[in-house]
Amino acid sequence: MADWQRTHTCGELRETHLGQTVTLNGWVLITRNFPNQVFVDLRDRYGLTQVVIEDGDKALFAEANQLGREYVLSVTGVVRKRIAGKERADIPTGQVELEAKAVRVLNACPPLPFSVTEFPDEEPANEDLRLQYRYLDLRRRSIQQVLMLRHRVCKIIRDYMDTNGFLEMETPLLGKSTPEGARDYLVPSRVFNGEFFALPQSPQLYKQLLMISGYDKYFQLARCLRDEDLRADRQPEFTQLDVEMSFVERDDVLTLMEGLAADLLKQCLGVTLALPLPRLSYQDAMLRYGSDKPDNRFGMEIIDIGDVAGESEFKVFKDVLAAGGVVRGLNAKNAAAKFSNSDLKPGGKLSAFVTQFKAKGLAWMKCEAGKLTGSIEKFFPDAVKAKLIEKMQVENGDVLLFVADKESVACDALGALRSHLGSELKLYKNWWDEKAEYDATEEKAAKKEKRAPNPFVVKPEHFKMLWVLDFPMFAFDDEERRWVAIHHPFTAPMDEDVANLESNPGAVRAKAYDMVLNGYEVGGGSIRIHRQDVQAQVFKMLGMPLEDAQARFGFLLDALQSGAPPHGGIALGLDRWCMILAGTTNIRDVIAFPKNQKARDLMTGAPAVVEPRQLKELGVELKK
RNA sequence: GGGGGCGUAGCUCAAUUGGUUAGAGUACCGGACUGUCGAUCCGGUGGUUGCGGGUUCGAGUCCCGUCGCCCUCGCCA
């Protein structure tokens with residue numbers, strides 16, 4: 001071992017090391033210079049240790065005064081107790097300090113484009129700047145903690161799957177483009193000019209084929225790529241825990257995966273998840289929450305008031321009902337003071353919000369001084385008002401919000417409004433808003449339970465999880481004027497609905513399920529079709545004639561006839577899980593090197609133009 | 001492709017109704033200071049207000065265009 005190499009990490013030294021000569025390697029977080037000594041906070045991913053350089057050795061002391069932020073040092077010295085009254089209770093190494101005998105600058109560092117320190121009132125630099133210098137951003141403590149959490153999540157997953165008898169297997173990245181689903185990232189073939197590989201949107205077909213090959217319990221932490229527009233919780237490349245099992249029915253998959261979810265919450269945050277998870281049909285989810293990924297940390301469910309609206313004199317409601325639409329509403333309890341009439345009227349904040357979702361408008365009433373108020377109040381006779389009050393459990397101070405439209409629009413608009421108001425009115429708590437002081441007992445407890453120490457107060461009510469079941473098999477795509485698969489074309493229909501496949505495709509339910517956590521879809525899967533004739537029938541429904549299906553998925557259709565066992569599976573969004581466990585709402589925070597919203601890597605600049613020679617080899621010509 | 005927000009010192013932000021030489025904190029540089037821990041105190045360097053055009057006696061501020069970033073709708077089986 002070279003003499004500069006560390007004997008300990010910067011998070012390791014305790015009173016048990018007193019008197020020992022040790023060497024630390026790390027980065028200078030900050031220095032504090034005095035006439036007779038220099039204090040250096042030396043930091044690595046394990047923690048922070050105070051180094052003291054005294055003025056006894058003049059050359060050493062002079063050098064210490066030249067140290068700057070983010071210098072990389074090797075410090076050899078003696079561990080000593082801090083002088084009485086100068087201990088720090090807030091960091092694990094706070095009882096001791098390192099009295100430097102030798103300091104080596106392994107690398108100097110000029111002033112950086114932004115600060116790596118993270119003091120409580122310090123705002124982080126703009127995200128695009130941080131992405132440009134991602135290697136510096138990743139040096140920040142909070143991001144290091146998140147990426148260490150991500151490692152733990154992967155470890156917990158691997159342990160759980162292994163314990164349950166699953167094999168971790170890899171599948172190709174270079175595959176074949178499939179017409180259904182997301183836009184593919186394509187890779188031109190040099191050997192076969194004019195032909196392209198596609199990067200996988202998911203390992204879907206490969207894992208089904210592994211089932212057919214007899215590897216009855218498979219999993220993979222699989223990278224998936226989809227060339228679609230990004231969101232706060234979507235990256236073009238992301239990681240899924242991909243799972244597939246043979247000889248199972250839906251409940252086997254659900255039971256297995258909720259056990260994993262409980263493990264993750266327990267081991268990462270110390271929270272106990274009550275099992276089994278609640279289950280909700282897709283139909284109920286849409287009716288009550290207007291969403292297939294309801295956030296059930298709070299109530300404020302959608303209420304159908306079609307019957308009451310029908311008895312009113314309000315023409316807008318009556319016309320919509322007569323045209324086969326619905327009238328549904330929310331009761332925002334105690335929000336009357338929060339929303340002015342101009343927020344509510346056409347063009348106001350809330351009204352504008354719902355028009356985003358194609359709703360024609362937002363009707364409203366308030367309950368003030370025991371009376372319903374608002375511009376539509378006059379269309380409701382007293383008896384009808386009484387019914388409305390009863391139905392929506394109206395009390396003083398409530399705001400009633402209504403959307404009258406065709407059912408899908410009403411669901412979308414009210415569902416989005418419900419989650420918008422949930423956060424606006426603070427109807428649920430985020431655990432990261434309840435940050436606690438560092439607690440030495442928490443460190444001990446965490447060590448005993450073999451989990452990461454958690455500086456937050458996390459309670460079970462911060463995590464609400466459920467399954468959404470019984471999705472429809474198909475949705476009619478108005479643009480393409482054909483049926484498309486809601487999950488994917490390999491999802492099995494419910495046994496009792498198979499007969500309706502051709503006669504009434506809209507009514508066919510799929511053996512599909514989504515795992516929902518705090519309003520995020522954190523997993524989704526299905527029991528697959530394992531019979532060739534059913535698969536061919538579904539392809540046909542999707543407007544794919546047999547010849548087409550043969551050309552595109554012939555290998556699958558053949559495989560299904562070669563002893564395919566009943567099978568099914570699921571995929572969990574690893575990045576979204578990490579995001580929720582880390583207490584952030586931005587998926588980029590849990591990915592070491594993410595892309596920006598336009599899918600550009602601001603650090604490397606990718607994507608970038610390539611040499612004409614490379615294009616020529618690939619047989620690719622650019623359009624002028 | 002549509003809607004919304006943002007862009008001022010290396011960084012985070014301010015700048016009244018369009019009006020003096022665009023300020024503050026921090027970083028950085030220099031000085032003072034015997035145990036700090038985001039040390040403190042004093043002083044200093046640092047600006048094409050994203051870019052281009054326009055209106056005006058006068059533009060960080062108003063108008064048009066453009067670029068970039070974020071959120072969102074569409075999209076994401």
Side-chain angles (χ1 to χ4, degrees), chain A residues 29-43 48-55 68-70 80 82-91 93-94 97 99 110-133 136 178-184 201-202 204-205 224-236 238 349 352-359 412-413 416 420 471 473-475 477-480 483-491 510 512 521 524-526 538 542 571 573 585-586 588 596-600 602:
Chain A
L29 182 67
I30 206 163
T31 63
R32 294 176 290 279
N33 298 34
F34 287 83
N36 297 325
Q37 65 260 111
V38 172
F39 297 94
V40 175
D41 286 346
L42 198 67
R43 186 184 51 108
L48 181 152
T49 301
Q50 172 163 284
V51 173
V52 190
I53 300 133
E54 309 275 5
D55 67 347
R69 291 185 179 203
E70 299 307 312
R80 71 183 186 194
R82 293 186 179 212
I83 63 173
K86 301 292 183 183
E87 303 87 355
R88 273 183 74 167
D90 60 334
I91 58 171
T93 61
E97 64 192 11
E99 181 188 357
L112 299 175
F114 58 89
S115 175
V116 178
T117 57
E118 293 187 300
F119 300 121
D121 62 351
E122 192 175 1
E123 288 297 316
N126 269 331
E127 197 187 8
D128 50 331
L129 189 74
R130 291 191 284 119
L131 288 176
Q132 190 186 341
Y133 299 95
L136 293 178
T178 55
E180 296 280 316
R183 200 173 290 116
D184 289 316
Q201 299 171 25
S202 82
Q204 183 60 35
L205 290 171
C224 306
L225 300 107
R226 296 177 189 174
D227 187 5
E228 295 292 346
D229 286 348
L230 277 49
R231 288 286 187 281
D233 63 349
R234 283 189 344 217
Q235 278 275 300
F238 59 99
K349 267 189 295 187
F353 182 84
V354 296
T355 55
Q356 274 191 96
F357 300 88
K358 299 205 171 77
D412 280 0
H420 177 70
F471 281 80
M473 187 93 174
F474 308 106
D477 186 314
D478 291 327
E479 264 181 38
E480 294 192 41
W483 293 96
V484 295
I486 285 190
H487 189 58
H488 56 52
F490 317 108
T491 299
E521 182 197 323
S526 62
V538 168
L542 297 172
T585 54
N586 180 340
R588 294 182 295 275
N596 77 358
Q597 211 199 12
K598 284 197 169 165
R600 183 179 289 285
L602 291 177

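In what follows, chains carry the letters A, B, and so on, assigned in the order in which the sequence lines appear, proteins first and then strands, with residues in each chain numbered from 1.
Picking from B/C11, B/A39, B/G35 the nucleotide with the shortest atom distance to the side chain of A/A125 gives B/C11. In this structure, the nucleotide among B/C75, B/G35, B/G74 sitting nearest to the side chain of A/Q50 is B/G35. Of the candidate nucleotides B/C33, B/G38, B/C70, B/C33 has the atom lying nearest to any side-chain atom of A/F34. Nearest to the side chain of A/A182, among B/C76, B/C73, B/G68, sits B/C76. Of the candidates B/G35, B/C75, B/C11, B/C11 carries the atom nearest the A/F114 side chain, counting heavy atoms from C-beta on. Here the nucleotide nearest the side chain of A/D229, chosen from B/U72, B/C71, B/G1, is B/G1. Comparing B/C76, B/G35, B/G38 by their closest approach to the side chain of A/E228 singles out B/C76.
When rounded to the nearest whole Å, the span between CG of A/L602 and P of B/C67 equals 17 Å. Between A/N126 atom CG and B/C71 atom C1' there is a gap of 14 Å when expressed in whole angstrom units. Spacing between atom CD1 of A/I486 and atom C1' of B/C76 amounts to 14 Å, rounded to whole angstrom units. In this structure, A/L129 places its CG atom 16 Å from P of B/G50, rounding to the nearest Å. For the pair A/R600 CZ and B/C70 P, the interatomic distance rounds to 12 Å; values are reported in whole Å. The separation between A/K358 atom NZ and B/C75 atom C1' is 11 Å, rounded to whole Å. Atoms CG (A/D128) and C1' (B/C71) sit 14 Å apart, rounded to a whole Å. Straight-line distance from the CD1 atom of A/I53 to the C1' atom of B/G35: 14 Å, rounded to whole Å.
The residue A/P35 sits close to a base: some heavy atom pair falls under 4.0 Å. Within 4.0 Å of A/R588, counting heavy atoms only, lie sugar-phosphate atoms of the nucleic acid but no base atom. Using a 4.0 Å heavy-atom criterion, one finds that A/F490 contacts no nucleic acid atom at all. Within the nucleic acid shown, A/E70 has no heavy atom closer than 4.0 Å to any nucleic acid atom. A/Q37 comes within contact range of at least one nucleobase, with a heavy-atom separation under 4.0 Å. Across all strands, A/N596 comes closer than 4.0 Å only to sugar-phosphate atoms, never to a base (heavy-atom distances). Base engagement by A/P489 is indicated by at least one non-hydrogen atom pair under 4.0 Å involving a base atom. If you check every strand for non-hydrogen atoms under 4.0 Å, A/E54 touches a base. Backbone-only contact: A/D41 has heavy atoms under 4.0 Å from sugar-phosphate atoms and none from a base. Heavy atoms of A/E122 sit nowhere under 4.0 angstrom from any nucleic acid atom. Residue contacts for A/R43: at a heavy-atom cut-off of 4.0 Å it reaches no nucleic acid atom on any strand shown.
A/R130 contributes no side-chain N or O that forms a donor-acceptor pair with the base of B/C11 under 3.5 Å. A donor-acceptor contact under 3.5 Å links the side chain of A/R234 to the base of B/C75. Residue side chain A/R80 reaches the base of B/G35 through a donor-acceptor N/O pair under 3.5 Å, judged by distance alone.
Between A/P489 and A/L542, the shortest heavy-atom contact is CB-CD1, 3.6 Å. Taking every heavy atom of both residues into account, A/Q201 and A/F238 meet most closely at O-CZ, 4.3 Å. Nearest heavy-atom pair across A/P113 and A/L129 is O-CD2, 4.0 Å.
The gap from the C1' atom of B/A9 to that of B/G5 amounts to 24 Å, rounded to the nearest Å. Going from the P atom of B/G25 to that of B/C42 covers 10 Å, rounded to whole Å.
For the pair A/E87 and A/E97, the minimum side-chain heavy-atom distance is 4.5 Å or more. At least one side-chain heavy atom of A/T117 sits less than 4.5 Å from a side-chain heavy atom of A/R69.
Between A/R231 and A/E521 no salt bridge is recorded (no basic side-chain N to carboxylate O distance below 4.0 Å). Salt bridge A/D41/A/R32: present, at least one basic N to carboxylate O contact under 4.0 Å.
Between A/R69 and B/A27, a side-chain N or O to OP1/OP2 separation shorter than 4.0 Å is present.
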